[in-house]
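I have placed the structure first, in the form of structure tokens, so that the comments after it can refer back to it.
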Amino acid sequence: MKTDLSNPQNTLEIIRRHGFTFQKKYGQNFLIDSHVLDKIIAAANITPDDMVLEIGPGIGTMTQRLAERARQVAAVEIDGSLIPILEETLADYENIHVFHEDILKMDIQKLAVEYNGGRPLKVVANLPYYITTPIIMGLFESGAPVENITVMVQKEVADRMQVGPGSKDYGALSLAVQYYAQPYLAANVPPNCFIPRPGVGSAVICLTRHPSPPVKTRDRDLMFRLIRASFNQRRKTLQNGLYNSPELGFTKEEIAAAIETLGLPAAVRGETLTLEEFAKLSDLLAV
Ligand code: SAM
């Protein structure tokens with residue numbers, strides 16, 4: 001019989017019966033609120049033909065709901081002590097494949113080929129917060145076919161992903177995420193929706209991948225190095241930030257000329273530039 005795991009009593013009973021202890025190092029905060037689970041599932045826009053990749057299924061609370069809507073679910077869990085629990089809670093589902101692996105080491109491209117004929121996956125997760133950025137950037141940069149990513153993250157990180165120039169939260173993460181996807185904040189989630197309660201607020205963010213990048217640049221790598229250098233020294237002018245970066249090797253004159261050609265003031269700060277301006281700057285410096 002299927003157990004409703006979003007009921008906190010049921011979650012606690014399973015955890016106790018299996019002698020499971022939460023591991024902080026794996027960012028384990030399990031969801032125990034069915035309304036929040038419904039919101040995540042709705043935001044992910046899953047259809048019966050979809051393959052979903054769930055990162056960190058925990059005891060399988062969200063996995064069950066995903067399997068009821070999608071054709072196939074691949075759930076990747078690093079913690080070996082959760083595998084016997086998942087075998088029990090997901091026993092009645094034939095369309096779930098649990099992988100005992102580290103998501104950061106997994107070949108998502110291969111997964112999409114083997115389980116989805118190479119077609120794009122949808123990623124859904126209540127993420128382990130300690131590796132939010134490497135997971136999301138890894139999914140985008142690997143070139144694996146990913147249609148959208150709907151994830152619970154720390155509220156502050158969700159804010160950073162969706163803002164533009166002029167906000168104190170604007171930074172390298174905003175630009176990197178917006179280069180690959182259109183962000184949309186689906187819900188704010190308070191700490192009491194989890195066991196144990198995290199020390200921070202959370203939010204569900206949906207990242208829909210652009211069919212092609214919103215800006216064109218001849219050297220994407222250089223553009224991201226320029227972005228990193230600009231925000232590493234946020235309080236410096238763009239010119240000094242780029243000149244001081246060990247990742248770049250431009251002279252002061254080259255940088256000043258590029259900034260002038262862009263039509264920006266000599267003392268402009270990197271935090272005021274749009275993605276399009278960073279793309280143009282990288283094209284000017286790449287020659
Ligand atoms: N999905 C469950 C839920 O909502 O109740 C658990 C979410 S919990 C915030 C994060 C999950 O990710 C945990 O199960 C944790 O063990 C797992 N995890 C942490 N690091 C991981 C990694 N590198 N690869 C795969 N899973 C990981």
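Order of appearance sets the numbers: ligands from 1, and atoms from 1 within every ligand.
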Practice problem: Kindly indicate whether the side chain of Gln28, heavy atoms from C-beta on, has any atom under 4.5 Å from the side chain of Lys24. | Solution: no
On the 0 to 90° scale, with breaks at 30° and 60°, tag the [X]-[Y] ring pair as parallel, tilted or perpendicular.
X	Y	result
Tyr115	Phe99	perpendicular
Phe231	Tyr170	perpendicular
Phe224	Tyr179	perpendicular

Tell me, please: is [X] in heavy-atom contact with ligand 1, that is, under 4.0 Å?
X	value
Glu77	yes
Leu127	yes
Glu54	yes
Asn29	yes

Under 4.0 Å from any heavy atom of [X], which atoms of ligand 1 are there?
X	result
Pro57	1 (N), 2 (C)
Gly27	8 (S), 9 (C), 10 (C)
Gln28	13 (C), 15 (C), 16 (O)
Val76	25 (C), 26 (N)
Glu101	24 (N), 25 (C)
Asn126	3 (C), 4 (O), 7 (C), 8 (S), 9 (C), 10 (C)
Asp102	22 (C), 23 (N), 24 (N)

Practice problem: May I ask which of Ala125, Gly58, Gly56 has a heavy atom nearer to atom 1 (N) of ligand 1 than the others do? | Solution: Gly56
Exercise. Decide whether an N or O pair under 3.5 Å exists between Phe30 and ligand 1.
Key: no
Exercise. Answer yes or no: does an N/O atom from Leu31 fall short of 3.5 Å to an N/O atom of ligand 1?
Key: yes
Practice problem: Give a yes or no on whether a salt bridge exists between Arg228 and Glu247, defined as a side-chain N under 4.0 angstrom from a carboxylate O. | Solution: yes
Is there a donor-acceptor contact under 3.5 Å linking the side chains of [X] and [Y]?
X	Y	result
Tyr184	Gln162	no
Glu54	Thr63	yes
His210	Gln178	no
Thr47	Asp49	no
Ser282	Arg225	no

[atom]: nearest protein contact (heavy atom, Å):
atom	result
atom 19 (C) of ligand 1	Tyr26 O, 3.2 Å
atom 24 (N) of ligand 1	Ile103 N, 3.0 Å
atom 21 (C) of ligand 1	Ile78 CG2, 3.5 Å

Residue part near ligand 1, for [X], under 4.0 Å between non-hydrogen atoms:
X	result
Tyr130	side chain
Leu82	side chain
Ile55	neither

Quiz item: About how many Å separate CD1 of Ile55 and CD1 of Ile135, when rounded to the nearest 0.5 Å?
Solution: 5.0 Å
Quiz item: What distance separates Asp159 CG from Asp169 CG, expressed to the nearest 0.5 Å?
Solution: 5.5 Å
